[in-house]
A.B. asks: 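First the structure, then my questions, so here it is.
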Amino acid sequence: MAVKYDSDGHVYGEETRWPDEITREALAWYINVINPTKRDAPAWAQQLFKAVEGCYIQQARLGIELAAVRRKGYLTLNASATKRVPSEKEVHDKGMEAFADFDASDMETL
């Protein structure tokens with residue numbers, strides 16, 4: 001599959017791949033290609049390598065979360081609401097019915 005980029009930097013051709021696959025591949029590339037070169041870098045550059053490595057690790061973590069959202073969906077709740085949020089057990093036992101007490105007036109407007 002060919003990956004294509006347009007002049008605005010948008011990527012095409014990755015739509016069928018999962019975010020965790022893409023970010024895992026990027027982290028593996030960094031570890032296998034870039035990591036070996038850092039031992040020859042000056043001390044000041046070692047800090048940059050550490051920072052970039054942290055970015056790749058964070059990206060991989062976000063890829064896992066995005067893949068989970070894509071697989072399972074997500075639920076957004078108003079954190080400032082005064083109603084009690086159902087417990088994990090209630091959600092497990094009742095599913096979305098545990099949120100039956102919430103209505104449109106409980107939604108946060110942006």
A.B. asks: Taking the basic N atoms (NZ, or NE/NH1/NH2) and the acidic carboxylate oxygens, is any pair closer than 4.0 Å for Arg71 and Asp20?
C.D. replies: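 Salt bridge between Arg71 and Asp20, a charged N being under 4.0 Å from a carboxylate O: yes.
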A.B. asks: Would Val52 and Ile57 show up in the same hydrophobic cluster when neighbours are defined by side-chain heavy atoms closer than 4.5 Å?
C.D. replies: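 Val52 clusters together with Ile57.
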A.B. asks: What's the spacing between Gln59 CD and Leu66 CG if we round to 0.5 Å?
C.D. replies: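 Spacing of CD (Gln59) from CG (Leu66) equals 10.0 Å.
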A.B. asks: Among all residues two or more places apart in sequence or in another chain, which pass the side chain to side chain contact (heavy atoms under 4.5 Å, CB included) test with Val69?
C.D. replies: Tyr74
A.B. asks: Please tabulate, for the side chains in residues 42-51, all donor-acceptor contacts under 3.5 angstrom to protein atoms that are two or more places apart in sequence or on a different chain.
C.D. replies:
unit_1, atom_1, unit_2, atom_2, d
Gln46, NE2, Lys38, O, 2.5
Gln46, NE2, Ala41, O, 3.3

A.B. asks: Output all residues satisfying side chain to side chain contact (heavy atoms under 4.5 Å, CB included) with Lys89, sequence neighbours left out; order by chain, then residue number.
C.D. replies: Ser87, Asp93
A.B. asks: Which residues pass the side chain to side chain contact (heavy atoms under 4.5 Å, CB included) test with Arg39, not counting sequence neighbours?
C.D. replies: Pro36
A.B. asks: Restricting to salt bridge (charged side-chain N to carboxylate O under 4.0 Å, His left out), what partner residues turn up for Glu97, sequence neighbours left out?
C.D. replies: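 Checked Glu97 against salt bridge (charged side-chain N to carboxylate O under 4.0 Å, His left out); zero matches.
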A.B. asks: Considering only heavy atoms from C-beta outward, does the side chain of Glu53 approach that of Asn35 to under 4.5 Å?
C.D. replies: yes
A.B. asks: Going by the angle between their ring planes, with limits at 30° and 60°, are Tyr56 and Tyr30 parallel, tilted or perpendicular?
C.D. replies: parallel
A.B. asks: Could you tell me if the side chain of Trp29 sits less than 4.5 Å from the side chain of Ile34, heavy atoms only?
C.D. replies: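 Sidechains of Trp29 and Ile34: in contact.
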